[in-house]
Amino acid sequence: GGVKKLITKVYEDIYMIEVVLPNNPLKALNSYVIKGNDKSLIIDTGFNREECIDALFNGLEELNIDIKDTELFITHLHADHSGMASIFKEAGVKIYAGEIDGRLINEMTGIDYWERFEEFKILFDLERDKVTFSEHPGYKYCLKEPVEFTYLKEGKGIQVGIYFFEVIDIPGHTPGHIGLYERNHKLFFCGDHILDKITPNIGFWGFEENILATYFNSLAKVYSYDIDYLFSAHRNIIRDHTRRINELIFHHKERLGEIVHILKDGELSVRDVAAQMHWSIRARGWEDFPIPQKWFAAGEAMSHLEHLYCTGKLNKELREGKLFFKLK
């Protein structure tokens, strides 16, 4: 009874493999396997590192599934979801992704993508913390060479055994996050779009869009769907998606209010706002944050600051490559 089961049957012909994410606050990734007659569909992989690879492939073995008889669906670009794509590529497996995130996954295999992080480091005022992108888990565990994806657009579908999955665009957590909706059985595979017990990180992807507003729109979209089981990529499977969406919207509204409060005393850099925000992390203060968490915290602070700027609440100024925000 001491051995934790790797695999849980979560619905008819649908299994969850718990892929351990070592030394990561996320703890584990829920990789879902839908068993089909000739092909099974795997949703998300875990990092490209030994412990994750062992967990996923032990799970597949227990389910008696050969990698050659699978297809892989990647919900979004993060390395804990896409990291093992190259293993599937080498096995000649068809790999599905959304076009936006699929392109970014392939860009992440080159150094140019990560050099943008150097600009963000200055922009966010993180230079003071001596952070480097080499400590970022996305950099450490991303693919090392590009993969050929079969791109999926909203409205396209995938048939697996008794299920027909519709592709749904749910950008926000990443610019091109996608999910799968099974209308007849009221199932939704949502990746990191909606998580229970923890909140999805809403980072900053550039000035082209107000990503927090995009995220709110994607939450509103899924709210109206008829869903019995919302299969999230971390922590709990969600049975009441509307309750959880309301909680997430409330969380981000509170965050926005917190930032306005922090800026009452005057102008601050992104880093200095992030350092004063409340984070559920075992650290005494900002100085104690591990480097990856400083990246995530600054990115989340930035998406909220940018939202407040776009909605007319804040002014911003760029000085020597660094951004400063203050109340209007």
Side-chain angles (χ1 to χ4, degrees), residues 17 19-21 24 26 29-34 36 38-61 65-117 133-134 136-154 156-160 165 167-171 173-180 189-193 203 205-206 233-234:
I17 301 175
V19 179
V20 58
L21 302 172
N24 188 295
L26 291 168
L29 170 98
N30 302 333
S31 176
Y32 294 98
V33 182
I34 297 102
D38 44 353
K39 286 259 187 245
S40 295
L41 183 69
I42 297 168
I43 299 175
D44 293 334
T45 67
F47 287 129
N48 184 21
R49 58 179 290 179
E50 205 174 325
E51 301 89 336
C52 301
I53 295 167
D54 286 348
L56 184 66
F57 284 93
N58 290 341
L60 290 175
E61 197 178 331
I65 292 173
D66 189 310
I67 188 172
K68 289 192 284 298
D69 302 326
T70 68
E71 293 182 340
L72 176 63
F73 177 90
I74 293 173
T75 58
H76 65 290
L77 62 83
H78 287 136
D80 56 322
H81 298 258
S82 63
M84 285 183 228
S86 45
I87 299 172
F88 286 84
K89 172 195 167 182
E90 280 159 28
V93 168
K94 184 188 269 193
I95 305 173
Y96 299 109
E99 197 159 347
I100 295 170
D101 276 24
R103 293 215 162 127
L104 285 168
I105 289 168
N106 283 337
E107 273 180 39
M108 286 161 85
T109 63
I111 200 67
D112 292 0
Y113 176 90
W114 295 100
E115 280 172 353
R116 249 182 92 195
F117 271 69
F133 67 75
S134 61
H136 196 293
Y139 176 74
K140 284 179 18 194
Y141 305 119
C142 70
L143 299 184
K144 299 306 171 235
E145 72 283 327
V147 163
E148 192 184 327
F149 291 110
T150 299
Y151 287 132
L152 291 172
K153 285 187 167 58
E154 175 150 347
K156 286 264 181 276
I158 307 173
Q159 184 79 41
V160 190
F165 295 107
V167 178
I168 308 292
D169 287 334
I170 39 175
H173 176 64
T174 61
H177 197 310
I178 57 174
L180 291 175
F189 291 87
C190 72
D192 285 0
H193 179 49
W205 299 88
H234 304 284

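This is a predicted model, so every value here is computed, not measured. In this chain, residues are counted from 1 in sequence order.
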Nearest 0.5 Å, please: how far is [atom2] in [Y] from [atom1] in [X]?
X      : Y      : atom1 : atom2 : value
Leu180 : Tyr96  : CG    : OH    : 10.0 Å
Asn30  : His234 : CG    : NE2   : 7.5 Å
Ile95  : Glu148 : CD1   : CD    : 9.0 Å
Leu72  : Ile74  : CG    : CD1   : 4.5 Å
Ile100 : Asp169 : CD1   : CG    : 7.0 Å
Glu145 : Ser86  : CD    : OG    : 5.0 Å

Item to check | Main-chain N/O of Trp205 paired to Arg116 side chain as donor or acceptor, under 3.5 Å | outcome: yes
Next on the checklist: Under a 3.5 Å distance rule, please check whether His136 uses its side chain to pair with a backbone N or O of Gly138 as donor and acceptor.
Outcome noted: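 Pair found, side chain donor or acceptor close to backbone of Gly138.
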Can you find a pair of side-chain heavy atoms, one from [X] and one from [Y], that are under 4.5 Å apart?
X      : Y      : result
Leu21  : Cys52  : yes
Ile43  : Ile34  : yes
Met108 : Leu143 : no
Asp69  : Asp38  : no
Tyr151 : Lys156 : no
Ile42  : Ile65  : no
Lys140 : Arg49  : no

Atom of [X], atom of [Y] and distance for their closest heavy-atom approach:
X      : Y      : result
Leu56  : Met84  : CD2-SD, 3.7 Å
Pro175 : Leu77  : CD-CD2, 4.4 Å
Ala79  : Pro137 : CB-O, 4.2 Å
Val33  : Leu60  : CG2-CD2, 4.1 Å
Ala233 : Asp44  : CB-OD2, 4.4 Å
Tyr141 : Phe47  : CB-CD2, 3.5 Å

Item to check | Lys/Arg N to Asp/Glu carboxylate O, Lys153 vs Glu99, below 4.0 Å | outcome: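 Looking at Glu99 together with Lys153, the answer is yes, because their closest N to O distance falls below 4.0 Å.
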Checklist entry - Given the rule in the side chain to side chain contact (heavy atoms under 4.5 Å, CB included) test, do Glu71 and Phe88 qualify, once you have shown the distances and angles that lead to the verdict? => result CA-CA 8 Å; Glu71 293 182 340; Phe88 286 84; over 6 Å; no
Checklist entry - Taking the six-membered ring for Trp, are the ring centroids of Phe189 and Phe73 within less than 6.0 Å of each other? => result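 No.
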Checklist entry - Should Thr45 and Ser31 be marked as a side chain to side chain contact (heavy atoms under 4.5 Å, CB included) after you check the CA-CA gap, both sets of side-chain angles, and the distance that decides it? => result CA-CA 6 Å; Thr45 67; Ser31 176; 6.0 Å; no
Next on the checklist: For a quick check under 3.5 Å, do His193 and His76 share a side-chain donor-acceptor pair by atom type?
Outcome noted: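 No, because no side-chain N or O of His193 sits under 3.5 Å from a partner of the opposite role on His76.
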Item to check | Steps toward side chain to side chain contact (heavy atoms under 4.5 Å, CB included) verdict (His177, Thr75) | outcome: CA-CA 6 Å; His177 197 310; Thr75 58; 3.8 Å; yes
Checklist entry - Counting only heavy atoms not in Tyr139, do more than 12 fall under 6.0 Å of its OH? => result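 Counting other residues, nucleotides and ligands, OH of Tyr139 stays at 12 neighbours or fewer.
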Item to check | Residue Glu61 excluded, over 12 heavy atoms near CD under 6.0 Å | outcome: no
Item to check | Candidate pair Ile178 and Asp101, rule side chain to side chain contact (heavy atoms under 4.5 Å, CB included), full reasoning | outcome: CA-CA 9 Å; Ile178 57 174; Asp101 276 24; over 6 Å; no
Checklist entry - Can you name the residues that form a side chain to side chain contact (heavy atoms under 4.5 Å, CB included) with Glu107, not counting sequence neighbours? => result Leu104, Tyr113
